[in-house]
Structures are given as C-alpha cells and as structure tokens.
Asks: 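The structure under discussion is supplied below as structure tokens; questions concerning it will follow.
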Amino acid sequence: MPVITLLTDFGTRDGFVGAMKGVVLETAPGTQIIDITHDIPPGDVEFGAWVLSGYWKLFPPATVHIGVVDPGVGGPRKAIALEVDGRYLVVPDNGLATGVLATSESWRCVELTETRFMRSPRSTTFHGRDIFAPVAAHLAAGADFEKFGPLLKKPLRLTLRPPTRGEGKVHGRVAHIDRFGNLITDIPADWVEESWRFEYADRPLGRLKRTYADAGVGDLVVIVGSLGTVEIAVREGSAAKRLGAARGDPIIGKGPSVRA
Amino acid sequence: MPVITLLTDFGTRDGFVGAMKGVVLETAPGTQIIDITHDIPPGDVEFGAWVLSGYWKLFPPATVHIGVVDPGVGGPRKAIALEVDGRYLVVPDNGLATGVLATSESWRCVELTETRFMRSPRSTTFHGRDIFAPVAAHLAAGADFEKFGPLLKKPLRLTLRPPTRGEGKVHGRVAHIDRFGNLITDIPADWVEESWRFEYADRPLGRLKRTYADAGVGDLVVIVGSLGTVEIAVREGSAAKRLGAARGDPIIGKGPSVRA
Amino acid sequence: MPVITLLTDFGTRDGFVGAMKGVVLETAPGTQIIDITHDIPPGDVEFGAWVLSGYWKLFPPATVHIGVVDPGVGGPRKAIALEVDGRYLVVPDNGLATGVLATSESWRCVELTETRFMRSPRSTTFHGRDIFAPVAAHLAAGADFEKFGPLLKKPLRLTLRPPTRGEGKVHGRVAHIDRFGNLITDIPADWVEESWRFEYADRPLGRLKRTYADAGVGDLVVIVGSLGTVEIAVREGSAAKRLGAARGDPIIGKGPSVRA
C-alpha cells in the first residue's frame with residue numbers, strides 16, 4: 001500500500017489540501033494519504049525545511065513526501081523530485097529540501113518537466129494540485145523516477161550558518177521554536193558534555209540536564225532534544241516567551257575549562 | 001477501497017470528528033477516511049458550500065463526501081444525500097450543496113428518513129455522528145442510494161447573486177477569501193481578456209496578469225485563480241487586508257472599449 | 001486492516017505528529033492512521049481525558065488509541081497500555097485514561113517496560129515517537145498484550161468530583177467547554193426530567209429543552225447533549241462567553257417540587 005505524506009502552508013479551511021488529496025486518489029487509488037501539517041507559516045520555507053527533516057526518514061522506504069511551501073509559485077522556480085535513501089520528495093526547488101539533503105550523501109534529483117504526469121490544464125497558482133500531487137501519485141504508483149524529467153545536479157539549498165566549535169566552546173543558533181516555546185538549536189548533542197554551561201544573549205542558562213523533569217516547574221532547562229541537538233525549555237512554560245527569543249538567535253555553550 | 005471525505009465546522013479538539021470517524025469504521029471497516037477540513041467558520045454554510053465545490057469532483061467516482069456545517073441541527077431542516085456525477089454527498093439540507101449542484105445538471109437527491117441506516121438512539125445535537133457518518137458509511141459500503149429515503153426534487157440552495165456581463169463589462173463578487181487573503185471572485189475567467197482592467201470599490205486594480213510572479217512583492221495583482229475565476233492577490237501579502245475587503249463585495253471588470 | 005488513532009497536544013506544525021506516524025507505518029505497514037486531534041491545550045490532561053472518553057468506544061474492537069498529553073515526559077510517570085472492552089489505549093500514566101476507565105469495569109493494564117517494543121535510542125522528551133507510537137504499532141500488528149510489561153493494578157486516575165443528587169436536586173459541574181462555547185456538564189440526562197429548572201451561579205437557565213432549535217437565536221438553552229449529559233448552549237452563540245463560565249463551575253438542577 002503506497003504512502004504519500006503532505007506538508008503545506010495551506011491551512012485546511014479553503015479545501016486546497018482536499019483538492020490535492022482528490023487528485024492523489026484519482027491518480028493512484030488505494031494510496032494511503034498521511035497529513036503531516038498544513039500549518040507551516042505561510043511562505044516560510046526555512047520553517048518547512050526544518051520540519052521536513054524531522055520525519056521523512058522515519059517513514060518506510062518508497063514513501064513519497066510532498067512539501068508545498070511555495071511563495072514563488074508560477075514564477076521561474078523549478079519543480080523537483082528527489083530520491084533520498086529510498087524515500088521520495090516532491091517539492092518546489094526553493095530550498096524546502098535543504099534539511100533532508102543535509103542528512104544524506106546519497107540522493108538523485110530530477111526537474112519535473114514531463115507534463116504527462118501533471119494535470120491539464122495547469123494553473124499558475126496551484127501547483128500543489130496540478131503538479132506536486134499528480135507527480136507524487138505517479139511515483140507512489142511505481143512510475144520510474146528518471147522519467148519525470150532531466151537530472152538536476154544542484155537543487156537549491158538555503159544557506160544556513162552552521163554551528164561551529166573549538167577550544168571547549170560551541171556557537172550555534174535557534175533552528176526552530178516549537179509549539180511549546182522550546183528553542184531547538186542546531187548544536188549536535190555529541191559536541192557537548194553534561195558539564196557544559198550555556199548562554200543566550202549573555203544570559204546564563206545553566207548546565208545540560210537529562211530531561212525536563214530535572215528542572216522545577218517554570219524553570220529554564222537545557223537538555224538534549226528529541227532530534228539529537230541541544231534544546232532550551234521552560235518546564236511547563238515557554239522558553240521563547242521567557243527569553244524573547246527568535247529563530248536564528250545565537251546560543252553559546254562552554255566547557256568547564258572555559259572562563260565565564 | 002471506499003473513500004469517505006469529511007468537511008465540518010467542528011474543529012478537532014473536542015473529539016466530535018473522532019466520534020464520526022469511529023462510527024464510519026465500525027459501520028464500514030476498511031473505508032479510507034480523508035480529512036478535508038474541520039475549520040469551516042462555525043455555522044458559515046456559504047463558506048462550506050464554496051469549499052465543497054472546489055474538491056468534490058477531483059475525487060474518484062463512488063467517493064462519499066460528508067459535509068456538516070449545521071447550525072439548524074435538531075430543528076426542522078432535513079438531512080439529505082445526493083448523487084452527483086457518480087460521487088455522493090451527505091449533508092444537511094441547508095444550502096451546503098449549492099456549489100456542487102451549480103456545477104452539474106445530473107443529480108439525484110434523497111431525504112434521509114430510513115432510520116435503519118442511522119445510529120440508535122439519535123441525539124438532537126450531533127447528527128454528524130448519528131446520521132451523516134453512518135449513512136455515508138452505508139453508502140460507501142454499497143447500499144442502494146434510493147433505499148435511504150424518498151426522492152427530494154428541490155434541495156435547498158443558497159441564493160447567491162450570480163455575476164453578470166454585457167457591453168464589455170462584468171460585475172461579480174468576492175466569493176471567498178482564502179487563508180492567504182486572496183480574493184477569489186465568481187467571475188469566470190473566460191468572460192474576460194488580458195486587456196481588461198478591474199476595480200474594487202472604485203479602486204483600480206490594474207489589468208489581468210498571468211501569475212503572482214508578474215507583480216512585485218507587495219503589489220496588488222489580478223490573475224486567473226486555480227478554480228478558473230478572476231482572483232485578486234497581493235504578492236507575498238494579503239489582498240483582503242490591503243483592500244479591507246469582505247466576502248460579497250463587488251468587483252468590476254472592463255474591456256478596453258469601456259471608458260474608465 | 002488495523003486502526004490506530006492519535007490524540008495529542010502537539011499541534012501539527014512542528015512535525016512531531018508526522019514523526020509518530022512514520023514510526024507507526026515503519027513498524028506496522030498497512031495500518032490505518034486516524035487523526036482525532038492534535039489541538040488538546042498543551043499539558044491539559046483533564047481536557048484530553050474528557051475528549052478520549054467520547055470516541056474510543058465508537059471504534060471497532062482491536063482499535064489502538066494513542067493519547068499523548070504528557071507534561072511529565074522524561075520524569076517518573078509510567079507509560080502504560082490498557083485493554084478496555086476489546087480496544088487498546090497507549091498513554092502516559094497521568095490520568096489521561098480516567099474518562100475511559102470510568103465507563104468500563106472490564107479492563108487490564110500493563111506498565112510499558114519491554115524496550116524491544118520501543119525505538120532505540122529513546123529520547124527523554126519525545127515518548128510519543130519513541131514509546132507510544134511503536135508500542136501501539138506492535139499492538140495493532142497483533143503482539144500479545146501481556147508481553148509489553150507487568151500488569152499494573154492501579155493506573156492513575158484524576159480525582160474529579162462526581163455529580164450528586166437527592167431530594168429532587170442535582171449538583172454537577174461543567175466538564176468540558178466545546179469549540180462552540182457549549183457547556184457540557186457531568187449531569188447524566190437520566191437524572192433529570194423535562195420539568196426541571198437549571199441554574200449557573202444563581203443565574204436561572206430555564207427548563208430542559210429538546211434541542212437547540214427550541215430556543216430563539218441568541219437565547220440560552222438547556223438540553224441533553226450528544227454524550228447523554230445536560231448541556232448549556234446559546235443558539236448560534238457561545239454559552240461560555242455569555243455566562244463567563246469555566247470548566248469545573250457548578251451547575252444546579254431542581255425538580256418542580258423544589259423551591260427556587
């Protein structure tokens with residue numbers, strides 16, 4: 001039973017996602033459709049790229065992941081499909097695949113040019129329905145990946161400043177703020193130790209703890225989050241509100257040999 | 001594998017939609033349940049009718065579409081099922097099917113009176129769970145359409161003022177404002193040409209463009225939307241906010257031979 | 001085709017629910033995944049327990065219901081699975097099963113200790129992905145209930161004050177406020193009669209009516225709700241806003257022989 005997942009910034013109330021689902025089932029009956037989210041902030045490609053990177057590989061091989069956060073729809077941006085570690089991605093070529101590509105060396109990319117896999121006529125404003133959904137359905141139904149268009153060597157990637165380390169210190173950033181107000185950083189957990197202390201904008205955050213429960217209710221706590229990076233939380237509260245933090249803000253970690 | 005879709009104004013947080021899904025699966029195991037939306041503004045039948053009209057026909061024949069936006073639940077309004085172009089609709093008889101009926105001449109309608117297809121006992125407040133879900137499940141499982149109750153000749157339709165045209169001019173309305181603040185009108189694209197100019201409340205909106213990308217970021221743009229009607233957008237912004245527009249507001253289009 | 005349902009307080013936008021779905025499908029391919037809701041207010045176990053109790057039994061036997069409202073994740077609270085009337089629940093042991101357990105005498109509970117049914121390594125912050133989803137998938141795939149860990153005699157239950165009655169009076173509470181602002185009480189409908197009058201904080205609410213439609217638009221109305229308890233509504237409006245009511249507020253009902 002083929003599986004297609006959906007991530008969009010469409011919300012659900014206008015029925016646009018419903019239209020995509022109809023096209024999938026008309027094209028590939030029996031496909032299992034899995035909603036990831038339709039609540040990506042409108043047009044926020046970086047947000048979508050981060051979210052995509054967290055679930056795509058947990059699905060079984062052959063799963064087709066659709067991602068539509070596409071402020072440039074109808075313009076010159078390409079539409080692409082990727083095969084990464086046996087899963088597929090069908091997305092606009094605007095950086096939405098950045099997080100997925102960062103986790104794998106083994107991928108192929110095609111530009112979607114073969115119109116026989118698309119709806120006809122194609123609108124200029126709703127490629128989710130007219131390109132991404134039918135292409136994903138054809139992929140799920142077993143169409144040959146390289147039939148969808150020419151190979152593309154360099155899909156667009158967002159240029160995100162990577163974390164750095166040296167001399168007992170790490171410099172990273174807030175990569176994502178989740179619904180609970182947790183600050184999920186890009187600092188790999190295996191770069192730091194329990195003895196390390198963290199700071200946000202000169203504000204000390206304390207040492208790395210094992211879990212939320214190691215802090216008192218309402219206290220700030222630095223832990224290793226579920227994606228294997230350093231995370232800043234407030235137990236039963238919002239670290240984002242407490243610190244007034246935004247995505248991209250710097251986070252610093254220091255080992256015990258480094259002076260405050 | 002039968003398919004049932006769900007559109008409601010229930011939200012999801014109270015579990016009411018969950019209850020409907022349980023009834024569907026208890027009645028017709030193996031049915032594929034597809035969420036369209038549960039975020040229709042509470043009681044807004046016209047909104048729901050517009051959304052339904054955008055996806056119902058994209059699903060394969062035999063799909064059963066449930067729609068529950070039902071401020072009159074428990075009162076005298078009827079419950080109905082429709083067969084339209086091979087798909088089914090199960091809805092309250094309050095106008096929710098208006099948009100679907102507008103697109104087809106070929107339909108049948110029955111009033112839902114046969115209680116053997118409903119849950120027992122029936123509440124007076126939750127017909128989604130007690131009438132619409134089980135009826136849809138029986139339809140999906142292959143029950144004969146005309147067994148559900150007597151034929152109904154005139155299901156209720158909302159009286160929406162249709163767009164008009166003549167002498168190189170069209171008069172239409174904002175039919176829907178989507179999540180992005182786009183104003184989707186009821187003016188068919190094939191009534192107008194690229195040379196036409198549009199106005200909202202005496203404010204000139206310019207000529208018809210091909211796509212969002214033909215406008216600068218933040219600029220108003222008039223295009224043909226994904227449903228084949230004229231649409232007013234602000235690139236990477238909200239036309240609804242920019243213009244202070246509401247559903248039902250008039251939009252005027254003028255050909256090149258008409259004076260400003 | 002096994003069925004797993006999902007109730008969480010995760011929202012969808014961060015992809016956490018998507019991660020859980022991936023784990024389910026990787027572990028038990030072909031499982032039908034049903035979203036109940038991801039909009040439980042963060043950390044509100046009592047809200048989640050009420051919602052769970054409304055749909056779990058409407059699903060067919062063998063359905064596995066996952067519930068994750070888990071402010072104590074990573075702390076000392078246990079993770080459990082329950083078998084209740086042939087359905088399964090996979091939840092933290094924090095009271096989330098209270099409403100389900102209240103409706104049945106016939107249940108078994110195990111503490112989830114067998115790590116072979118979990119992901120490895122396990123995070124301390126995301127047991128939805130690492131414990132609840134894979135355990136549910138193994139249950140759905142037919143693993144023996146008692147293999148997941150030792151029997152637990154007393155899963156934690158929230159201590160909710162039950163409604164009381166006597167001498168032609170009932171004292172109950174607002175158990176839940178739904179999306180429409182309806183106040184759903186814990187007063188069983190079969191404790192009261194049509195002749196009874198109700199009060200909220202000394203404010204008379206009138207007699208029990210049959211349905212919303214028995215009140216004028218904008219009027220307060222007391223009816224029997226879809227869960228078989230007394231409910232206070234405003235027709236096409238919000239009773240919660242009208243009365244300024246909150247969950248837990250007392251509601252009193254009086255038979256005709258009781259003085260005002």
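Just so you know, these numbers use all the heavy atoms, side chains as well, and skip hydrogens, waters and symmetry mates. Since we're looking at a predicted model, the values are computed, not measured. Naming: A, B, ... by sequence-line order, numbering from 1 per chain.
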Asks: Looking at A/R161 and A/D186, does any basic side-chain N land under 4.0 Å from a carboxylate oxygen?
Replies: no

Asks: At a heavy-atom distance under 4.5 Å, which candidate from B/I184, B/L58, B/L227, B/D9 has the highest pair count against chain A?
Replies: B/L58

Asks: Counting only non-hydrogen atoms closer than 4.5 Å, does A/R119 touch chain B with its backbone (N, CA, C, O), its side chain (CB onward), both, or neither?
Replies: side chain

Asks: With chain A, which of B/S226, B/S53, B/A213 has the greatest number of heavy-atom pairs at distances under 4.5 Å?
Replies: B/S226

Asks: Could you check whether any side-chain N or O of A/K78 sits under 3.5 Å from a backbone N or O of A/T113, counting only pairs where one atom can act as donor and the other as acceptor?
Replies: no

Asks: Find the one option among B/R235, B/R210, B/E236, B/M1 whose heavy-atom pairs under 4.5 Å with chain A are most numerous.
Replies: B/R210

Asks: Picking from A/R122, A/E26, A/M20, which has the most non-hydrogen pairs under 4.5 angstrom with chain B?
Replies: A/E26

Asks: Let's test your reading of the structure: which of A/V17, A/T27, A/V73 forms the most heavy-atom pairs below 4.5 Å with chain B?
Replies: A/V73

Asks: Who among A/D130, A/D14, A/L25 has the most heavy-atom pairs with chain B under 4.5 Å?
Replies: A/D14

Asks: Can you tell me which portion of B/D35 sits under 4.5 Å from chain A's heavy atoms? Options are side chain, backbone, both or neither.
Replies: both

Asks: Please flag which part of A/S123 lies under 4.5 Å from any non-hydrogen atom of chain B: side chain, backbone, both or neither.
Replies: side chain

Asks: Using 30° and 60° as the class boundaries, would you call the ring planes of B/F10 and B/F126 parallel, tilted or perpendicular?
Replies: perpendicular

Asks: When heavy-atom pairs shorter than 4.5 Å are enumerated against chain A, which of B/V3, B/I40, B/I34 gives the highest number?
Replies: B/I34

Asks: Given A/R77 and A/H127, is the side chain to side chain donor-acceptor pair (under 3.5 Å) satisfied, shown in steps?
Replies: CA-CA 12 Å; A/R77 70 103 186 92; A/H127 288 183; 3.1 Å; yes

Asks: What's the shortest heavy-atom distance between B/G244 and B/Y200, and which atoms?
Replies: O-OH, 3.8 Å

Asks: Please look at B/W56 and chain A and tell me whether the side chain, the backbone, both or neither of the residue comes under 4.5 angstrom of a heavy atom of that chain.
Replies: neither

Asks: Using atom types as modelled and distance alone, determine if a side-chain donor or acceptor of B/D249 lies under 3.5 Å from a backbone N or O of B/I251.
Replies: no

Asks: If you measure from the Lys or Arg side-chain nitrogens to the Asp or Glu carboxylate oxygens, is any gap between B/K209 and B/D219 under 4.0 Å?
Replies: no

Asks: So, B/R242 side chain and B/V234 main chain: donor-acceptor pair closer than 3.5 Å or not?
Replies: no

Asks: Between B/L52 and chain A, which part of the residue has a heavy atom less than 4.5 Å away: side chain, backbone, both or neither?
Replies: neither

Asks: Sort A/V24 into side chain, backbone, both or neither according to what part of it lies under 4.5 angstrom from a heavy atom of chain B.
Replies: neither

Asks: I'd like to know which of A/G15, A/G74, A/G43 tops the heavy-atom pair count under 4.5 Å against chain B.
Replies: A/G74

Asks: Would the distance check show the side chain of B/Q32 and the main-chain N or O of A/T31 forming a donor-acceptor pair, the cut-off being under 3.5 Å?
Replies: yes

Asks: State plainly whether the residues B/R247 and B/D44 are in salt-bridge range, i.e. N to O under 4.0 Å.
Replies: yes

Asks: Less than 4.5 Å to any heavy atom of chain B: does that hold for the side chain of A/R129, its backbone, both, or neither?
Replies: side chain

